[in-house]
Amino acid sequence: MLTATDSLLNNNKLFTENFKESEIGTLFFPDLYGSLSYQGDTIESTKIFTDFFGTSPLPFKLTTTLKERNLSKDKVQVFRKGMLDEENFDQYNVRKHFRKLADNIQLAVPVQAAYMETYDLDKNYHIAHAGQLITVNVPSLFNYEQIVRITPKGKNL
């Protein structure tokens with residue numbers, strides 16, 4: 001474990017990639033600052049979780065929307081929603097991965113995946129609250145759900 005951590009810290013490119021897909025990197029340093037000016041504005045982007053299924057990544061297509069921008073109330077709300085990026089998803093290697101784990105079963109069901117982030121920001125775009133939800137399901141075989149919340153210190157959940 002120490003060797004792997006040391007290797008990660010000594011490889012700037014690998015460290016940056018891992019940080020960007022981590023919850024801390026995603027929620028504290030989202031790539032949306034300055035990109036959205038008016039309520040209803042959207043931007044398209046991608047997010048990839050490397051080695052999610054063994055050595056196969058889990059890619060998402062994301063749409064980020066500025067839901068509310070009310071600077072007089074010191075409130076900016078941003079919503080990011082994602083779906084599986086079918087074009088860049090390596091279905092073959094994922095099936096191969098599950099066949100190894102589940103005694104060579106014939107995987108014919110699709111991988112279902114969803115991604116969501118919400119941000120409540122102040123007028124200076126500092127994070128007041130943030131949340132992330134990731135769900136991945138292969139019916140009758142695999143289910144993954146992760147919920148992450150950032151709440152200001154001293155506030156109750």
Determine, step by step, whether V136 and F53 satisfy the side chain to side chain contact (heavy atoms under 4.5 Å, CB included) criterion, reporting the C-alpha distance in whole Å, the side-chain angles of both residues, the deciding distance to 0.1 Å, and the verdict.
-> CA-CA 11 Å; V136 180; F53 298 104; 3.7 Å; yes
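- With rounding to the nearest 0.5 Å, the separation of CZ in R95 from OG in S56 is 11.5 Å.
- Of all non-hydrogen atoms in P110 and P139, the two that sit nearest each other are O-CD, 3.7 Å.
- By the 6.0 Å and 45° rule, K47 stacks over the aromatic ring of F49.
- A donor-acceptor pair shorter than 3.5 Å cannot be found between the side chains of T135 and E145.
- Contact of the Q146 side chain with the Q132 side chain is registered, since non-hydrogen atoms from C-beta on lie closer than 4.5 Å.
- Residues I127 and V76 share a single hydrophobic cluster, defined by chaining ILVMFWY side chains whose heavy atoms lie under 4.5 Å apart.
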Derivation and outcome, side chain to side chain contact (heavy atoms under 4.5 Å, CB included), residues T64 and V78 | CA-CA 7 Å; T64 304; V78 177; 3.5 Å; yes
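- Expressed to the nearest 0.5 Å, how far NE2 of H129 lies from CD1 of I150 amounts to 10.5 Å.
- Listed by chain and residue number, Y115 satisfy the ring pair (Phe, Tyr, Trp, His ring centres under 6.0 Å) test with F60 (two or more places apart in sequence, or in another chain).
- Using a 4.5 Å cut-off between side-chain heavy atoms of Ile, Leu, Val, Met, Phe, Trp and Tyr, with links allowed through other members, F89 and L141 fall into the same hydrophobic cluster.
- Atom CG of D85 is separated from atom OG1 of T46 by 7.0 Å, given to the nearest 0.5 angstrom.
- Checked against ring pair (Phe, Tyr, Trp, His ring centres under 6.0 Å), F52 has the following partners two or more places apart in sequence or in another chain: Y144.
- Side-chain contact between V111 and V94: present, with at least one pair of heavy atoms (C-beta onward) separated by less than 4.5 Å.
- The shortest side-chain heavy-atom distance between I134 and I147 does not fall under the 4.5 Å cut-off.
- Residue pairs satisfying the salt bridge (Lys or Arg N to Asp or Glu O under 4.0 Å) criterion with at least one member in residues 54-66, sequence neighbours excluded, are listed as follows: K61-E87.
- L62 and F79 are assigned to two separate hydrophobic clusters, defined by single-linkage of ILVMFWY side chains at heavy-atom distances under 4.5 Å.
- Going from atom CG of N137 over to atom CD of Q112 covers 5.0 Å, rounded to the nearest 0.5 Å.
- Of the possible polar contacts, none joining the N93 side chain to the D90 backbone as a donor-acceptor pair under 3.5 Å is found.
- A side-chain donor-acceptor contact under 3.5 Å links Q39 to the backbone of K67.
- I43 is connected to L121 through a chain of hydrophobic side-chain contacts under 4.5 Å among Ile, Leu, Val, Met, Phe, Trp and Tyr, so both are in one cluster.
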